[in-house]
Visitor: 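Dumping the structure here so I can ask a few things about it.
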Protein chains: 2
Amino acid sequence: MSSVSDQQGKPDAQPGDPQPRMKSGDRRELIVVAAAGVFGDFGYFGTTTDQVAKAAGVSQPYVSRMFGTKEQLFLEVLARSLRTLLSAFTAEIAAGTGPGLPARIGLAYVELLRDRGLLLSLMHAFVLGGDPAIGTAARAGFLEVYRLLRVDAGFSAGEARDFLANGMLINTMVGLRMSDEFETNDLANECLRTALPEKLDLVLNLGKEQRSDR
Amino acid sequence: MSSVSDQQGKPDAQPGDPQPRMKSGDRRELIVVAAAGVFGDFGYFGTTTDQVAKAAGVSQPYVSRMFGTKEQLFLEVLARSLRTLLSAFTAEIAAGTGPGLPARIGLAYVELLRDRGLLLSLMHAFVLGGDPAIGTAARAGFLEVYRLLRVDAGFSAGEARDFLANGMLINTMVGLRMSDEFETNDLANECLRTALPEKLDLVLNLGKEQRSDR
DNA sequence: ACATGTGGTTATCGAATGATTACCAAACCG
DNA sequence: CGGTTTGGTAATCATTCGATAACCACATGT
């Protein structure tokens, strides 16, 4: 055999264990992505830097040292989420601003649910508007999205409202893990189908993997 | 004069200081209301039992002993919020189920914003769907609201979705403290006006008092 | 008057958490 | 090779927080 520290050579190298040393920038991105997932599940106050560290496969002090503070880490997660969202919308706008644009942006939005924690982290930030640092960043981000819809995408005020309202409803139902009840509760079933006429399966499949353990 | 412990008789009795002993039930309700405000601001994990205690004017251990655990306290806050919401809607339904019902229920919803923390606590619960206890209660509550809209109020699936979507958007903007930007940011101004065609002043006035300090 | 239940408080404890320090080893570099 | 930068970890620390214990006092019935 040879599994625990051979006499010579590298000790076997378990699958993912012996990370061959990453560049700090890559590691940083990896941690931010992992953090988005955890923050999405437990919110800012509810997540531990240690949870993030474990999710990213590094030690807790490493997270602290790399980001300075948990708040800073959250702000970077927030910034990344907004960047991703805005560029996804911008891409749709660039692909043409015909009457089909609202529907396309809507689809692009739902696609973002694939990125675990992206929209949920946003949502957690949104309800923390009273926090000095997070609230400020969250408001600015929300307004930037609104600006993009109104100005760049050419939505009317009412269209922008309807779009955002649906988005918030989707976020809420994802945060609620409503998909857990999809097969057992008729109301939940209808509610999900009505809010997500397209790409429902996306949310349902998502509900099966997710589990950050705590 | 006579201000610090008189020789005889009760020592002056500062305005609110010498609470003349409350019945446990009343105190409990008082704490739950105070807790709703704090939970609304900081969320479940972000709130300490001590903040709640101070907001309610009691000692921290008293909160712990009365509710057993912070989670239990939050669940009672959640239950109270849902009770209030459902009975407000039920009252509108009882007042007549004509075509004006959706608008009336909408107004009733916005009125609930007066009860500091009620809708925000709900919102915080909604995005914590992954939590075993809170998530279960939150899902059940959300579905009960949906049931009421669909069955009792006679909304179509689409009407129910639109109503809830707008509700979630309003909650989000309140959580974001978007009203802080109302006078300084044109987009925020329009966004608020569009989402709250009626009762905008309610949200604006609300934004001025609120401050739970931390 | 006195026992007793009830509405509270102060003091304190143990666990969890975010951050800091000190240290280590792989990689790069002349 | 020998040094230095860089990507990490283990150990530890100071706080904070939720909960418990011990105690106190007002009210109330008798």
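Proteins come first, then strands; the chains are lettered A, B, ... in the order of their sequence lines, and each starts at number 1. When reading the values below, keep in mind they use all heavy atoms of this one structure, side chains included, and skip hydrogens, waters and symmetry mates.
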Visitor: Nearest of dT20(D), dA11(D), dG8(D) to any side-chain atom of Pro61(B)?
Guide: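 Per side-chain heavy atoms of Pro61(B), the pick is dT20(D).
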Visitor: In this structure, how many angstroms lie between the C1' atom of dT9(D) and the CE atom of Met66(A), rounded?
Guide: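 From Met66(A) CE to dT9(D) C1': 14 Å.
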Visitor: Can you tell me if the side-chain N/O atoms of Arg27(A) get under 4.0 Å from OP1 or OP2 in dG8(D)?
Guide: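 For dG8(D), OP1/OP2 do have a side-chain N/O of Arg27(A) under 4.0 Å.
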Visitor: Check every strand shown and say whether Ser59(B) touches a base, only sugar-phosphate, or nothing at a heavy-atom separation below 4.0 Å.
Guide: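 Result for Ser59(B) = base.
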Visitor: Nearest-Å distance, CG (Asp50(A)) to C1' (dC13(D))?
Guide: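 Distance check: Asp50(A) CG to dC13(D) C1' gives 16 Å.
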Visitor: Check every atom of dT9(C), dG18(C), dG18(D) against the side chain of Arg65(B) and return the nucleotide holding the closest atom.
Guide: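 Output: dT9(C).
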Visitor: Side chains of Tyr44(A) and Ser121(A): does their closest heavy-atom pair fall under 4.5 Å?
Guide: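 No, every pair of side-chain atoms sits at 4.5 Å or beyond.
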Visitor: Once the angle between the rings of Phe42(A) and Phe45(B) is folded into 0 to 90°, is it parallel (under 30°), tilted (30 to 60°) or perpendicular (over 60°)?
Guide: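 Perpendicular, since the angle between the ring planes exceeds 60°.
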Visitor: In this structure, how many angstroms lie between the P atom of dG8(C) and the CE atom of Met22(B), rounded?
Guide: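 So the two atoms are 8 Å apart, to the nearest Å.
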Visitor: Check for me whether the distance between the ring centres of Phe163(B) and Tyr146(B) falls short of 6.0 Å.
Guide: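 They do not qualify: ring centres at least 6.0 Å apart.
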Visitor: Side-chain N or O of Thr48(A) less than 4.0 angstrom from OP1 or OP2 on dA16(C)?
Guide: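 The answer is no; no side-chain N or O of Thr48(A) sits under 4.0 Å from OP1 or OP2.
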Visitor: Does Tyr62(A) make a side-chain N or O approach to OP1 or OP2 of dG8(D) shorter than 4.0 Å?
Guide: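 For dG8(D), OP1 or OP2 has a side-chain N or O of Tyr62(A) closer than 4.0 Å.
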Visitor: Report yes if at least one side-chain N or O of Ser64(A) is closer than 4.0 Å to OP1 or OP2 of dG18(C); otherwise report no.
Guide: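 No, because none of the side-chain N or O atoms of Ser64(A) sits under 4.0 Å from OP1 or OP2 of dG18(C).
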Visitor: Would you call the rings of Phe89(A) and Tyr109(A) parallel, tilted or perpendicular, taking 30° and 60° as the class edges?
Guide: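 Answer is tilted, since the angle falls between 30° and 60°.
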Visitor: Of all the choices, dG18(C), dG7(D), dG7(C), which nucleotide is nearest to the side chain of Arg21(B) once you look at every atom?
Guide: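 Closest nucleotide to the Arg21(B) side chain: dG7(C).
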Visitor: Return whichever of Gln60(A) or Gln60(B) has its heavy-atom-nearest nucleotide of DNA chain C closer to the 5' end.
Guide: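 Looking at the nearest nucleotide for each, Gln60(B) comes out on the 5' side.
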Visitor: Starting at CG of Leu30(A) and ending at C1' of dG7(D), how long is that distance when rounded to a whole Å?
Guide: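 The distance from CG of Leu30(A) to C1' of dG7(D) comes to 14 Å, rounded to the nearest Å.
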Visitor: Between Arg139(A) (side chain) and Met178(B) (backbone), is there a donor-acceptor pair under 3.5 Å?
Guide: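 It does not hold such a pair.
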Visitor: Is there a side-chain polar atom (N or O) of Thr49(B) under 4.0 Å from OP1 or OP2 of dG18(D)?
Guide: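 Yes, because at least one side-chain N or O of Thr49(B) sits under 4.0 Å from OP1 or OP2 of dG18(D).
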